[in-house]
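The structure appears below as structure tokens.
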Amino acid sequence: IAVMTHQVSSPFLKPFFLKTPISPLRQRRHTLPASEFRNLTPQDAISVFEIEREAFVSVSGECPLTLDEVLNFLGMCPELSLGWFEEGQLVAFIIGSGWDKERLSQEAMTQHVPDTPTVHIHVLSVHRHCRQQGKGSILLWRYLQYLRCMPGLRRALLICEDFLVPFYRKAGFKERGPSAVSISNMHFQEMEHMLCGQAYARRNSGC
């Protein structure tokens with residue numbers, strides 16, 4: 001299996017610092033950035049799966065991605081993932097892969113098609129201690145701006161349950177109607193975001 005290894009230079013992967021002042025003592029103890037965004041690696045897979053499992057199993061009884069699938073995507077297309085780390089700890093993440101059809105199908109749940117204009121966003125999840133803080137919206141915004149820096153990408157697709165449609169609509173996604181994908185008798189809406197235009201100026205997220 002070919003692994004995509006090209007690097008993307010993007011302002012949306014650079015560290016930034018929290019507005020809360022950090023004491024000199026704490027600065028001496030911690031050499032890691034207070035907050036940073038970077039692509040995920042297979043070494044992050046356990047942390048990813050633990051956050052995903054806690055977020056989804058209690059709601060739907062099933063994770064969008066198994067641990068093996070997480071490892072697979074982070075090995076094949078790490079450049080289509082984005083993690084938010086605070087002092088080295090993963091607090092939120094997105095995992096995507098390439099897709100080459102107009103609509104998502106059941107096969108898209110486990111496949112990565114390299115060198116395509118479409119990114120399939122498999123999962124966005126936030127650690128349970130970091131929810132209700134706007135982190136999901138901030139991470140999704142930065143991910144979409146990051147994708148705009150990648151040559152050849154034209155759109156992002158995802159499927160979600162009806163109650164999540166307003167969240168993704170607020171981020172600029174548009175409904176494409178009921179998805180052909182079903183998981184454990186659950187039904188989804190397919191949504192699309194066109195990655196047109198230049199990346200926006202860095203967002204003052206207030207995080």
Side-chain angles (χ1 to χ4, degrees), residues 8 10-23 26-27 30 32-40 44 47-60 63-65 70 74 78-96 119-150 153 155-175 188-207:
V8 178
S10 169
F12 304 100
L13 293 184
K14 294 179 180 178
F16 73 96
F17 294 90
L18 301 174
K19 289 185 176 180
T20 303
I22 299 175
S23 68
R26 191 177 180 190
Q27 286 179 331
H30 297 285
L32 293 168
S35 190
E36 67 172 340
F37 296 83
R38 66 164 171 83
N39 297 132
L40 298 168
D44 299 311
S47 296
V48 165
F49 186 68
E50 288 177 349
I51 293 173
E52 179 196 24
R53 180 173 57 185
E54 191 281 329
F56 288 93
V57 169
S58 60
V59 176
S60 63
C63 291
L65 297 175
V70 170
L74 296 187
E79 72 281 358
L80 296 180
S81 68
L82 188 62
W84 185 344
F85 294 81
E86 292 187 342
E87 294 185 348
Q89 299 298 311
L90 182 66
V91 298
F93 69 88
I94 293 176
I95 292 178
V119 174
H120 169 205
I121 299 176
H122 290 268
V123 58
L124 184 165
S125 190
V126 179
H127 192 283
R128 65 183 182 276
H129 295 313
C130 300
R131 293 176 196 151
Q132 306 303 316
Q133 300 174 19
K135 281 184 165 57
S137 297
I138 294 168
L139 179 62
L140 181 58
W141 184 89
R142 292 182 75 103
Y143 182 72
L144 293 171
Q145 306 314 311
Y146 163 69
L147 293 181
R148 285 187 170 91
C149 296
M150 299 183 71
L153 291 183
R155 63 179 185 149
L157 293 176
L158 60 81
I159 60 171
C160 66
E161 295 182 77
D162 289 342
F163 76 94
L164 285 171
V165 167
F167 171 82
Y168 288 108
R169 187 188 295 141
K170 188 176 180 180
F173 285 79
K174 295 183 179 180
E175 295 102 314
F188 304 95
Q189 292 292 320
E190 182 168 319
M191 305 196 73
E192 178 183 53
H193 185 99
M194 301 305 296
L195 301 169
C196 54
Q198 299 297 316
Y200 298 127
R202 183 169 171 175
R203 180 179 182 178
N204 180 14
S205 62
C207 59

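These figures come from a predicted structure and were not determined experimentally.
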_Run the side chain to side chain contact (heavy atoms under 4.5 Å, CB included) test on His193 and Leu144 for me, step by step, so that the C-alpha distance in whole Å, both residues' side-chain angles and the decisive distance to 0.1 Å come before the verdict._
CA-CA 9 Å; His193 185 99; Leu144 293 171; 3.9 Å; yes

*Would Val70 and Ile95 satisfy side chain to side chain contact (heavy atoms under 4.5 Å, CB included), going step by step from the backbone distance to the final call?*
CA-CA 8 Å; Val70 170; Ile95 292 178; 4.2 Å; yes

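Within the 4.5 Å cutoff, the side chain of Phe85 has heavy atoms near those of the Asp44 side chain. Residues Glu86 and Trp84 meet the side-chain proximity criterion, which asks for heavy atoms closer than 4.5 Å. Between Glu192 and Phe173, the closest side-chain pair of non-hydrogen atoms is not below 4.5 Å. By the 4.5 Å heavy-atom criterion applied to side chains, Tyr146 and Ile94 are not counted as neighbours. Val91 has its side chain within reach of Lys135: a pair of non-hydrogen atoms, C-beta onward, lies under 4.5 Å apart. Using a 4.5 Å heavy-atom threshold, the side chains of Phe93 and Leu40 count as touching.
Not a single donor-acceptor pair under 3.5 Å links the side chain of Tyr143 to the backbone N or O of Ile121. Checked by atom type and distance alone, the side chain of Asn39 pairs as donor or acceptor with a backbone atom of Ser81 at under 3.5 Å. Between the Glu52 side chain and the Leu65 main chain, a donor and an acceptor come within less than 3.5 Å of each other. No donor-acceptor pair closer than 3.5 Å links the side chain of Arg128 to the backbone N or O of Glu54.
Atom CG of Leu157 sits about 11.0 Å away from atom NE2 of His122, to the nearest 0.5 Å. Distance check, rounded to the nearest 0.5 Å: NZ of Lys174 to CZ of Arg169 gives 11.5 Å. Taken from SG in Cys130 to CG in Leu139, the straight-line distance is 11.5 Å, to the nearest 0.5 Å. To the nearest 0.5 Å, the span separating CD on Glu79 from CG on Leu147 amounts to 10.0 Å. Between the CD1 atom of Ile138 and the CD atom of Gln133 there is a distance of 9.0 Å, given to the nearest 0.5 Å. For the atom pair SG of Cys160 and OH of Tyr168, the computed distance is 6.5 Å after rounding to the nearest 0.5 Å.
Looking at every heavy atom in both residues, His127 comes nearest to Leu90 through CD2-O, 4.4 Å. Contact record, Val126 with Ala92: CG2-CB, 3.9 Å, taken as the closest heavy-atom pair.
Here Gln189 pairs with Asp162, Val165, Pro178 under the side chain to side chain contact (heavy atoms under 4.5 Å, CB included) rule; sequence neighbours left out.
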